[in-house]
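Below is one structure, written out as structure tokens, with a few remarks after it.
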Amino acid sequence: VQLVESGGGLVQPGDSLTLSCVASGFFLDRYTIGWFRQAPGKEREGVSYITRGDGTTHYSDSAKGRFTISRDNAKNTVYLLMNSLKPEDTATYYCAADLWSRMDIAGFSDVSFSTWGQGTQVTVSS
């Protein structure tokens, strides 16, 4: 069971990036998948998630209107399209899977997610 993120990089304010999260050992559409980020010196925060099955999506206030989460079941991949990037979006971004349905109890929190990728760095700077 593994998640691998990719797609991070150095971009300028206003640019876009698409992060990818590829799963191996399990099918992404059977679990809620979340994107989190952690900036230096800050706590990890939830950015977005997509639910198992019908793929209902949710966004944090900072991501709403700029980020879009999506899933390609054929590629077993979840994406995070990030538009209008700001310097404050600079962080390491992680995808994670809620393999034990802990979100039903703990909500959208990192404690709900049992399997994590290694992270991909996003830096927004002019």
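Side chains of Thr115 and Leu3 form a contact here, defined as non-hydrogen atoms less than 4.5 Å apart. When side chains are defined from C-beta on, Ser109 does not count as touching Arg102, because their heavy atoms never get closer than 4.5 Å. The closest side-chain heavy-atom distance from Met82 to Val122 is below 4.5 Å. Side-chain contact check for Gln121 versus Thr123: some heavy-atom pair is nearer than 4.5 Å. Looking at heavy atoms from C-beta onward, Lys86 lies out of side-chain contact with Pro13 at the 4.5 angstrom threshold. In this structure the side chain of Ser125 never reaches within 4.5 angstrom of the side chain of Thr90, judged on heavy atoms. In this structure the side chain of Phe108 reaches within 4.5 angstrom of the side chain of His58, judged on heavy atoms. At a threshold of 4.5 Å between non-hydrogen side-chain atoms, the residues Asp98 and Tyr31 do not count as touching.
In this structure a side-chain-to-backbone donor-acceptor pair under 3.5 Å is missing from Gln2 to Ala23. One N or O on the side chain of Asn76 and one on the backbone of Phe26 form a donor-acceptor pair closer than 3.5 Å.
With sequence neighbours excluded, no residue satisfies ring-ring contact (aromatic ring centres under 6.0 Å, His included) with Tyr93.
A tilted orientation is assigned to the rings of Phe36 and Trp116, their planes being inclined by 30° to 60°.
Annotation: the span from Thr68 atom OG1 to Arg66 atom CZ amounts to 11.0 Å, rounded to 0.5 Å.
Salt bridge annotation for Asp89-Arg37: present, with a cationic side-chain nitrogen under 4.0 angstrom from a carboxylate oxygen.
Here the rule is side chain to side chain contact (heavy atoms under 4.5 Å, CB included) with Val78, and of Asp72, Asn73, Ile33, Leu19 only Ile33 fits it.
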Take Tyr59 and Phe67 through the test ring-ring contact (aromatic ring centres under 6.0 Å, His included) and record every step on the way to the result.
-> CA-CA 8 Å; Tyr59 301 93; Phe67 294 3; 8.0 Å; no
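Using modelled atom types, one finds a donor on one side chain and an acceptor on the other under 3.5 Å when comparing Ser60 with Ser62. A donor-acceptor pair shorter than 3.5 Å can be found between the side chains of Thr51 and Asp54. Side-chain contact, Thr92 with Gln38: no donor N or O sits under 3.5 Å from an acceptor N or O.
If you chain together hydrophobic residues whose side chains sit under 4.5 Å apart, Val1 and Trp35 fall into the same group.
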